[in-house]
> 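My questions all concern the structure below.
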Amino acid sequence: MGFNFANPRIPLGSWIETFFDWFQNAFDWLITFTNVVIGGMYHGLNLVLSKPLYLVMMVVFAAIGWACANWRVGLFALIGFYLVRSMDQWNNTMQTLALVVVAVILALILAIPLGIWAAKSKRFSAIIKPILDFMQTMPSLAYLVPVIVLFGIGQVPGAIATIIFALPPGVRFTELGIRGVDTETVEAGAAFGASPRHILWRIQMPLAMPTVMAGVNQVIMLALSMVVLSGMVGAGGLGGDVVAALSQVDIGLGMEAGLAVVIVAVYLDRITNGLANRTPLARAQRAS
């Protein structure tokens, strides 16, 4: 049958299903490898976070907060994570934190090089911008459907959906930070004989670091929001409790899980802000 302009119907869904069937058959080795790598990273980190006594981990979180930001963040970590434990949400919180950390690390491994490439190449920037727009405007729940088809249910599809959802700000902020470096500074480095590699890592990246860290902060926040939704695909953690609270209309469980998510979000936000304030450019600006 030909195309009917009066009653159009493009079988886009069928084409996408066919593509995913082909991808699953052709790249089964890649799917298996991804499952092993991400699953191993998650289970290893979750073991590190949940195996020690919770009091020990509270002190560790407080020390990290104090070292990366200030004593107030350290105190918040003690009080906040003690509240998490008192709500009997410790194990779920550690699972969520492990999934967030794994997803953020992998997202940044992809986002920062792509952002650097986009800053160096106008052609690549023009190509990747509509892709990033698509990734950011696509409803977050829509990412869960294809990853379930490819990876089943569990933490791995939740992590992959989180990586895809959280990646765009990392690319955009990295590109913005590098492009925002003063051209005269770059030209001065080139005049003194610095190679393009040295200019990138010794001049542009240090000066762009506050903007890059703002992108890291956004990646973490988006990852945390997506990890909660990933409870719908069996990722567990606090997202599992949120899904259970919705299905059972359990206000108490929903509020406890939600408060635990807020505590983790505030803690990670203060950590990244503290690291951004410790960059050479930020210290120089405060000194001036």
Side-chain angles (χ1 to χ4, degrees), residues 11-49 95-118 120-121 123-172 174-175 215-216 218-220 222-237 239-240:
L12 181 62
S14 299
W15 296 344
I16 293 174
E17 288 180 6
T18 302
F19 169 78
F20 272 96
D21 290 339
W22 168 81
F23 185 89
Q24 196 168 17
N25 293 326
F27 294 96
D28 181 66
W29 61 272
L30 179 60
I31 295 172
T32 302
F33 176 77
T34 304
N35 262 311
V36 171
V37 171
I38 296 181
M41 290 176 65
Y42 165 77
H43 290 297
L45 184 56
N46 183 45
L47 184 65
V48 170
L49 293 175
Q95 291 174 14
T96 297
L97 185 58
L99 198 57
V100 167
V101 171
V102 169
V104 167
I105 289 173
L106 295 176
L108 292 177
I109 288 174
L110 295 173
I112 291 178
L114 289 175
I116 293 173
W117 189 3
K120 296 294 183 180
S121 170
R123 178 177 298 178
F124 180 72
S125 177
I127 293 172
I128 199 171
K129 277 183 179 178
I131 298 175
L132 297 176
D133 291 339
F134 176 83
M135 292 169 66
Q136 286 189 296
T137 54
M138 175 71 72
S140 55
L141 288 176
Y143 289 120
L144 299 177
V145 179
V147 295
I148 291 175
V149 172
L150 295 177
F151 298 96
I153 61 174
Q155 288 82 22
V156 173
I160 293 174
T162 301
I163 292 168
I164 298 171
F165 182 68
L167 186 142
V171 180
R172 292 186 187 277
T174 301
E175 179 185 2
V216 172
Q218 290 300 304
V219 169
I220 292 174
L222 288 178
L224 191 56
S225 65
M226 189 63 189
V227 160
V228 173
L229 294 178
S230 297
M232 295 182 178
V233 297

> Looking at F33, I want to see if its CZ is surrounded by more than 12 non-hydrogen atoms of other residues, nucleotides or ligands under 6.0 Å.
no
> Are the side chain of S125 and the backbone of S121 linked by a donor-acceptor contact shorter than 3.5 Å?
no
> Against L30, only a single residue in D28, T32, T34 fulfils side chain to side chain contact (heavy atoms under 4.5 Å, CB included); can you say which?
T34
> What distance separates F165 CZ from M138 CE, expressed to the nearest 0.5 Å?
11.5 Å
> What's the shortest heavy-atom distance between P113 and L108, and which atoms?
CD-O, 3.8 Å
> So how far is it from L167 CG to I109 CD1, rounded to the nearest 0.5 Å?
11.0 Å
> Test T96 against L224 for side-chain contact (heavy atoms from CB on, under 4.5 Å), laying out the working first.
CA-CA 8 Å; T96 297; L224 191 56; 4.0 Å; yes
> For Q218 and R172, does a side-chain donor sit closer than 3.5 Å to a side-chain acceptor?
no
> If you look at every heavy atom in I38 and A159, which pair is closest and at what distance?
CG2-CB, 3.8 Å
> Grab the two heavy atoms, one from A223 and one from A166, that are nearest each other, plus how far apart they are.
N-CB, 3.8 Å
> For the residue pair I164 and P168, what are the closest heavy atoms and their distance?
O-CD, 3.5 Å
> Are K129 and E175 packed together at the side-chain level, in the sense that at least one heavy-atom pair is separated by less than 4.5 angstrom?
yes
> Which atom pair, heavy atoms only, marks the closest approach of V219 to A107?
CG1-CB, 4.2 Å
> Report, as yes or no, whether the 6.0 Å neighbourhood of atom CG on L150 holds more than 12 heavy atoms from other residues, nucleotides or ligands.
yes
> Starting at CG of D21, measure out to CZ of F19 and round the result to the nearest 0.5 Å.
10.5 Å
> Identify the residue among V100, L45, N46 that makes a side chain to side chain contact (heavy atoms under 4.5 Å, CB included) with Q95.
N46
> Could you grab the distance from atom CD1 of I163 to atom CE of M226, nearest 0.5 Å is fine?
11.0 Å
> For the pair L114 and F124, evaluate side-chain contact (heavy atoms from CB on, under 4.5 Å) and give the outcome as yes or no after the intermediate values.
CA-CA 9 Å; L114 289 175; F124 180 72; 3.7 Å; yes
> Kindly check if the number of other-residue, nucleotide or ligand heavy atoms within 6.0 Å of NZ (K120) is above 12?
yes
> Do L99 and T162 have side chains that get closer than 4.5 Å, going by heavy atoms?
no
> Atom CD1 of I148 and atom CD1 of I160: how far apart are they, to the nearest 0.5 Å?
11.5 Å
